[in-house]
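Below is one structure; the comments refer to it alone.
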Amino acid sequence: MDHFLYKDGVLHAEDVPLPEIAAAVGTPFYVYSTATLLRHFRLFDDALEGMDHLVCYAVKAASNQAILRTLAAAGAGMDVVSEGEYRRARAAGVPGDKIVFSGVGKTADEIRYVLSDGVRQLNVESEPELEVISAVAVELGVVAPITLRVNPDVDAKTHAKIATGKSENKFGIPIAQARAVYARAAELPGVEAIGIDVHIGSQLTQLEPFELAYRKVAELTEVLRADGHDIRRLDLGGGLGIPYTRSNEAPPLPSDYGALIRRTLGHLGCEIEIEPGRLIAGNAGLMVSRLVYVKHGEGRDFLILDAAMNDLVRPAMYDAHHDIVPVVEAAAAAESTPYDIVGPVCETGDTFARQRAMPPVAPGDLIAFRSAGAYGAVMSSEYNSRPLIPEVLVKGDQFAVIRRRPTFDEMINRDTIPEWL
Ligand SMILES: *Cc1c(COP(=O)(O)O)cnc(C)c1O
């Protein structure tokens with residue numbers, strides 16, 4: 001459920017009509033709903049009630065300061081994958097001891113920065129990284145709290161570009177090597193292995209892969225404890241999928257996911273961390289665009305929008321589906337026609353949908369992309385010299401620009417000319 005509903009035939013974000021935002025900031029833009037963000041966070045928090053736990057929002061899904069602040073105020077921790085994300089979370093008021101640092105290629109500089117700031121834990125993805133973390137910690141005179149990210153060799157049954165838990169993926173330490181790497185960690189002076197981490201992929205629409213992975217984590221916990229390691233924290237990653245269509249998809253609920261965690265891992269008495277990103281932000285955001293032209297081609301009609309793949313890359317990158325709807329609701333009797341819905345960028349890949357049934361629309365109409373809150377604005381670029389589009393946050397009947405659109409001059413003047421020119 002989200003808070004983007006038609007009221008009197010006009011699509012609203014909570015209590016704000018989208019045309020009002022479009023008039024204030026121009027198109028295209030992203031808009032997020034505070035109530036939806038908080039609702040999704042609480043679904044996870046409630047699902048783990050009674051277990052010692054921390055829900056660490058995966059910052060990479062949508063990293064605007066205002067979004068982080070909204071979630072942090074509700075008690076969320078954060079999962080970050082770069083120094084930049086760590087600094088964003090800190091700037092949004094999240095204390096270091098509620099931030100976990102994940103990522104497959106942390107540099108010594110990044111490790112130094114987060115360790116000297118008191119990061120909650122580093123999720124280690126390889127033996128060489130383990131050695132570097134220990135060396136940096138010794139240099140700083142601290143002991144780094146770490147988990148090892150194990151790769152359980154489980155098929156997440158999701159899009160190949162976002163599956164991370166198979167042995168052929170670059171992520172984590174093969175679970176068969178885990179004992180040896182934990183033994184190595186125990187010898188190193190700069191690290192203390194306090195737990196296990198696993199993250200098998202994104203947009204998972206079934207619980208079974210989680211169950212397989214978590215059973216392996218439970219087994220490994222017992223084995224490592226028998227080896228003398230004090231395993232007391234389990235980081236279970238993110239990945240729970242969301243419905244991208246309003247019709248038939250019904251991914252598992254956070255409550256069922258929570259019950260699965262309790263069933264597979266509850267008996268171990270560990271502190272539980274989860275790292276959801278998409279499920280918190282995905283359906284809490286829309287991208288709103290304006291129709292520029294309707295073009296009648298040879299046997300195919302096109303809707304040409306003022307938004308493009310640089311603003312929302314998911315369809316081009318992952319063949320992702322977004323529901324695309326007119327902001328002013330079509331009459332119930334209106335007949336739909338198939339269109340290819342495209343942007344103005346000079347790439348055929350700049351296609352949001354092919355042969356999508358749309359009600360009658362005309363140039364100047366506002367068009368909304370649903371489920372665009374996660375991996376939307378964060379992946380945008382200025383390709384074709386199109387300035388980054390603004391982000392807006394709604395709360396009840398208020399809205400605020402939380403990242404403004406840069407001017408053309410700001411965009412161009414970031415380039416500097418060498419003195420020989
Ligand atoms: C991307 C990522 C997440 C978040 O995944 P979602 O599918 O957005 O929930 C969590 N943890 C790690 C390590 C990630 O790389």
Side-chain angles (χ1 to χ4, degrees), residues 37 40-41 43-45 47-48 54-63 67-68 71 76-82 84-86 89 98-106 110 114 119-126 129 146-152 154 156-166 169-173 195-207 209-210 213-214 217 233-244 251-254 257-258 261 272-285 314 317-318 320 371-379:
L37 288 166
H40 291 161
F41 167 72
L43 286 176
F44 280 113
D45 206 33
L48 297 177
L54 184 65
V55 178
C56 295
Y57 168 66
V59 170
K60 74 176 193 279
S63 62
I67 293 174
L68 303 187
L71 293 168
M78 303 278 152
D79 168 52
V80 304
V81 292
S82 69
E85 284 191 353
Y86 185 88
K98 289 181 91 171
I99 305 176
V100 304
F101 191 14
S102 302
V104 76
K106 304 174 199 75
E110 288 181 310
V114 302
V119 69
R120 175 183 180 82
Q121 124 211 348
L122 292 119
N123 294 337
V124 181
E125 298 237 6
S126 67
E129 186 194 342
I146 60 151
T147 71
L148 295 189
R149 176 171 176 179
V150 295
N151 184 325
V154 164
K157 299 187 175 146
T158 183
H159 191 283
K161 284 186 186 166
I162 48 175
T164 59
K166 283 288 282 174
N169 301 131
K170 71 180 175 183
F171 298 96
I173 292 157
I196 305 174
D197 170 45
V198 68
H199 170 73
I200 57 175
S202 197
Q203 186 54 16
L204 273 72
T205 53
Q206 299 166 38
L207 285 179
F210 287 117
Y214 295 170
V217 168
R233 191 181 281 172
L234 301 176
D235 181 337
L236 304 175
L240 199 58
I242 64 171
Y244 276 97
L253 300 171
Y257 175 68
I261 291 173
I272 300 292
E273 290 168 353
I274 55 171
E275 304 169 342
R278 188 188 307 270
L279 201 144
I280 289 178
N283 281 323
R314 298 189 65 260
M317 189 147 143
Y318 307 121
S371 316
Y375 307 105
V378 285
M379 285 189 161

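Both ligands and their constituent atoms are indexed starting at 1 by order of listing. Computed over heavy atoms, backbone and side chain alike; hydrogens, waters and symmetry mates excluded.
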Looking at [X], which atoms of ligand 1 are within less than 4.0 Å of one of its heavy atoms?
{"X": "Pro276", "value": "9 (O)"}
{"X": "Lys60", "value": "1 (C), 2 (C), 3 (C), 4 (C), 14 (C), 15 (O)"}
{"X": "Glu275", "value": "3 (C), 4 (C), 9 (O), 10 (C), 11 (N), 12 (C), 13 (C)"}
{"X": "Tyr375", "value": "1 (C), 4 (C), 5 (O), 6 (P), 8 (O)"}

*asked:* I'd like the name of whichever of Ala62, Ser102, Ser202 reaches closest to atom 6 (P) of ligand 1 through any heavy atom.
replied: Ser202

Can you confirm whether [X] sits close enough to [Y] that some side-chain heavy atom of one is under 4.5 Å from a side-chain heavy atom of the other?
{"X": "Pro152", "Y": "Ile200", "value": "yes"}
{"X": "Pro254", "Y": "Leu279", "value": "yes"}
{"X": "Glu275", "Y": "Phe44", "value": "no"}
{"X": "Asn283", "Y": "Pro243", "value": "yes"}
{"X": "Val198", "Y": "Asp235", "value": "no"}
{"X": "Gln121", "Y": "Ile146", "value": "no"}

Taking a cutoff of less than 4.0 Å between a non-hydrogen atom of the residue and any ligand atom, is [X] in contact with ligand 1?
{"X": "Ala61", "value": "no"}
{"X": "Phe171", "value": "no"}
{"X": "Asp79", "value": "yes"}
{"X": "Ala374", "value": "no"}

*Taking the six-membered ring of Phe101, is NZ or CZ of Lys106 closer than 6.0 Å to its centre and within 45° of its axis?*
yes

*Evaluate the criterion ring pair (Phe, Tyr, Trp, His ring centres under 6.0 Å) for residue pair Phe210 and Tyr257; output intermediate values, then yes/no.*
CA-CA 9 Å; Phe210 287 117; Tyr257 175 68; 5.0 Å; yes

*Taking heavy atoms and a distance under 4.0 Å, where does Arg278 meet ligand 1: side chain, backbone, both or neither?*
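Under 4.0 Å from ligand 1, Arg278 contributes backbone and side-chain atoms.
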
*Under 3.5 Å, N or O to N or O, is Gly277 touching ligand 1 that way?*
yes

*Is there a nitrogen or oxygen of Gly239 sitting under 3.5 Å from a nitrogen or oxygen of ligand 1?*
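Looking only at distances, the answer is yes, because the N/O contact criterion of under 3.5 Å is met.
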
